[in-house]
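First comes the structure, then the notes that go with it.
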Amino acid sequence: MRFSKYLIFTLREDPKDAEVISHKLMIRAGLVYKEESGLYGYLPIGFRVYNKVVNIIREEMNRAGAIEVLPTILTPASLWIESGRYDIMGKEMIRIKDRKDNWLVLGPTHEEAFTDIVRRTVSSYKQLPLTLYQIAKKFRDEIRPRFGVMRCREFTMKDAYSFDIDEKGLDESYNKMREAYIRIFKRVGLNALPVEADVGSMGGTRSEEFMVFSSVGEATIIHCPTCNYYANVERAESILKDDDVVENETMGELKEVDTPNVFTIEDLTKFFNTSPKKFIKTIIYMADGKPVAVLIRGDLDINEVKLKNYLGAAELELATPEIIEEVTGAKVGFAGPVGLKKEIRVIGDFSIKNIKNAITGANKTDKHIINVNINRDFEVKEFADIRTAKAGDICKNCGGSLEETKGIEVGHIFKLGYKYTESMNVTVLDKSGNRIHPIMGCYGIGVDRTIAAVIETSNDEKGIIWPITIAPFECVIVPIATKDEKIMEISNKIYEELLSKNVDVAIDDRDETVGVRMNDLDLMGIPFKIIVGKKAINENKIEVKRRDNGQTYEIPVSEAVDEIISIIKEEYKKYEA
RNA sequence: CGGGGCGUAGCUCAGAUGGUUAGAGCGCAUGCCUUGGGAGCAUGAGGUCCCCGGUUCAAGUCCGGGCGCCCCGACCA
């Protein structure tokens, strides 16, 4: 590619509306442009990177035995009604009405579509196992798109769906995908770790997210440095440091105390001059429309994902002030387990089991009660782990001290189960001629997010530093003076030869000063610059300069092509899976 | 949906208290000169000051309403 005839669009300054590094650099290096919030298009340089990532994913999926298909992105509402998700998905799903007034959905995910493909084409156990995939656009009307390409409304995803006759088969299909993912992320230069994830209302049995540790990540990961336990905070379990400490206090007398305008645990702690651990927080939730009281120790946080799973609820939200008043008989801030006005389901987190002489809301406005004791003053029928694990907690596996980090979720693999094959009635005949539902797994990789994650973890003050495997070009030739015939002659010769040997090379022959061109190439993250300058004329030598550490090799012109090829080959080895 | 910030040239921004023909840097075009890390000189093009309404002799500037963008939170198969 000759840059003089290409579309290079770089910016010298950070765009105003970008906050995170990857977003700034993707715009500045001319990889993408923003059409509007959450909608990004790829420019030529970005599209080259995109294609390289897609190709690596495709190669590894094929290697793992998955088969590529191309379903429709516009899907009929009927598919979604069948699976029961038409109503559940809510506003995130983009719906369009066609000219005949039929509703269509721009696929936000494709379980239904792939299940439909299998329903149409598979009828015997002999055709299984089967893993199908696509690399295509997804549409989700996100409440808040952000961080450029990281969370947007239209994005590219590789999604695969496996179909097996039994759980054992699913385990194998799942593991194949898991292996493929590890290879893919290695090859694109990402350090992505599988982390235990929430299986949630999907009803699956196992789920892992591939996380890239980064401060801009939206997910919180709980990590044990001793035994390498990694889990999304949504499902992480831990042991409290002081879980088993039974206080020796004798039970005091239950007593109401006036606490006007004291609401938060922090304020209450000051007011009573005690520790937050002496409080039992009582939070009222609405689970599928029914109020539930949840009790947890004052210094801890409720994990709503765990709670939702425990309750088996489809919808879980904090109760409104009106409902809280109705349930407790008091204004918000004074709920407690003793003397709730209405009989409702009460769930206790394990953390409240051993609190002696606790302080709780009195279910009367502006009043708390002290010396509250479980089993004497109130009973809890249901105990569960509904606490958010946090740094400093004890690892349930090895007793180590847990740490917290942020992660970007670049992939997600999931044992789905029978949800879709049952709801959409997919069956195959097994060996004995019985109709059985295949069991499913689903596996996703966010292509755009993967690109952003690479940039987020590999950049410097000059710009992007691409791994050679997904760089827009492997190397770019820079003729120091574009009007010098001799320099151009040498440059063009090397360029043509490299091209003929299938090197992904470009020549930056734009009528710009060397400084401008070098800086652009650094911004774009080109792994190797091939500089043809005075030395080429005087000493018959060209220079190859590395983007990552600035190291420069001087190479005689006659050996340039072979040497460049071998340097590039060597570089690829770093990313071999 | 709540809180905060912003909206003026392709980009990044300046335009107190309302007042002529709305500015800068970069970018862009043309010419000269240049090319070892964002050169110099000259000339030039480029504006719905987010939109609608109001106040006023006069609005980029003040008032009301709306729209859009960014960040935090809520939310997120």
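Lettering follows sequence order; numbering is per chain, from 1. The basis for the numbers below is simple: all heavy atoms, side chains too, and nothing from hydrogens, waters or symmetry mates.
In this structure, A:Phe47 has its ring center no closer than 6.0 Å to that of A:Tyr42. Aromatic ring centres of A:Phe213 and A:Tyr230: separated by under 6.0 Å. With ring centers used as reference points, A:Phe414 lies 6.0 Å or more from A:Tyr443. Checked against a 6.0 Å centroid threshold, the rings of A:Phe3 and A:Phe473 count as neighbours.
Spacing between B:rG68 and B:rC63 at atom P, rounded to whole Å, works out to 22 Å. B:rG47 and B:rG60 have their C1' atoms separated by 11 Å, with the value rounded to a whole Å. Atom name C1', nucleotides B:rG27 and B:rG44: the rounded distance is 14 Å, in whole Å. Taking the P atoms as reference points, B:rU61 lies 10 Å from B:rG19, given to the whole Å. Here, B:rG36 and B:rU43 have their C1' atoms 31 Å apart, quoted to the whole Å. Of the C1' atoms belonging to B:rU56 and B:rC62, the separation is 10 Å, rounded to the nearest Å. B:rC13 sits 14 Å from B:rC49 when the C1' atoms are compared, rounded to a whole Å. Here the separation of B:rA59 from B:rC32, taken at their P atoms, is 47 Å to the nearest Å.
If you measure from atom NZ of A:Lys16 to atom C1' of B:rC11, you get 12 Å, rounded to the nearest angstrom. For A:Asp14 and B:rC70, the CG to P distance is 16 Å, given to the nearest whole Å. Computed from coordinates, the A:Leu39 CG to B:rC69 P distance equals 9 Å when rounded to whole Å. The CD atom of A:Glu19 sits 11 Å away from the C1' atom of B:rC72 (whole-angstrom rounding). Following rounding to the nearest Å, A:Phe414 (CZ) and B:rA77 (C1') show an atom-to-atom distance of 8 Å. Atoms CZ (A:Arg151) and P (B:rC72) sit 12 Å apart, rounded to a whole Å. Summarising the geometry, the separation between CD on A:Glu218 and P on B:rA74 is reported as 12 Å, rounded to the nearest angstrom. Atom CZ in A:Arg146 sits about 20 Å away from atom P in B:rG5, given to the nearest Å.
When both distances must be under 3.5 Å, the Watson-Crick or G-U wobble mate of B:rU48 does not exist. Applying the Watson-Crick and G-U wobble criteria (two distances, each under 3.5 Å), B:rC1 pairs with B:rG73. Figure legend. B:rA14 is base-paired to no nucleotide; pairs are counted as Watson-Crick or G-U wobble with both atom distances under 3.5 Å. Across all strands shown, the partner of B:rC67 is B:rG7, judged by Watson-Crick or G-U wobble contacts whose two distances both fall under 3.5 Å. Remark: B:rA22 base-pairs with no nucleotide; criterion is Watson-Crick or G-U wobble with both hydrogen-bond distances under 3.5 Å. Pair assignment for B:rC62: B:rG54, on the basis of Watson-Crick or G-U wobble contacts that are both within less than 3.5 Å.
Residue A:Asp522 forms a salt bridge (charged side-chain N to carboxylate O under 4.0 Å, His left out) with just one option from A:Arg28, A:Lys529, A:Arg517, and that option is A:Lys529. Tested against A:Asp171, the residues A:Lys415, A:Lys176, A:Arg178 include a single salt bridge (charged side-chain N to carboxylate O under 4.0 Å, His left out) partner, A:Lys415.
A sub-4.0 Å separation between OP1 or OP2 of B:rC1 and a side-chain N or O of A:Arg144 is absent.
With the nearest nucleotide of RNA chain B identified for both A:Ile143 and A:Glu36, A:Glu36 has the one nearer the 5' end.
Contact check on A:Glu543 versus A:Lys541 returns no salt bridge, with no Lys/Arg side-chain nitrogen under 4.0 Å from an Asp/Glu carboxylate oxygen.
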Exercise. Just by protein heavy atoms under 4.0 Å, how would nucleotides 25-38 of chain B read 5' to 3' in B, S and -?
Worked result: BSSS-----BBBBB

For this session: Using the side chain to side chain donor-acceptor pair (under 3.5 Å) rule, take A:His412 and A:Glu208 through it: C-alpha gap first, then chi angles, then the decisive distance, then the call.
Result: CA-CA 6 Å; A:His412 195 170; A:Glu208 289 167 288; over 6 Å; no

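Taking only distance into account, the side chain of A:Arg140 never meets the base of B:rC76 through a donor-acceptor pair shorter than 3.5 Å.
Counting any heavy atom pair closer than 4.0 Å across all strands shown, A:Pro15 reaches sugar-phosphate atoms only and no base atom. Note on A:Phe147: only backbone sugar-phosphate atoms sit closer than 4.0 angstrom, heavy atoms only; bases stay farther off. Among the atoms of the strands shown, none is found under 4.0 Å from any heavy atom of A:Glu234.
One side chain, A:His23 or A:Tyr40, offers a donor N or O that lies under 3.5 Å from an acceptor on the other.
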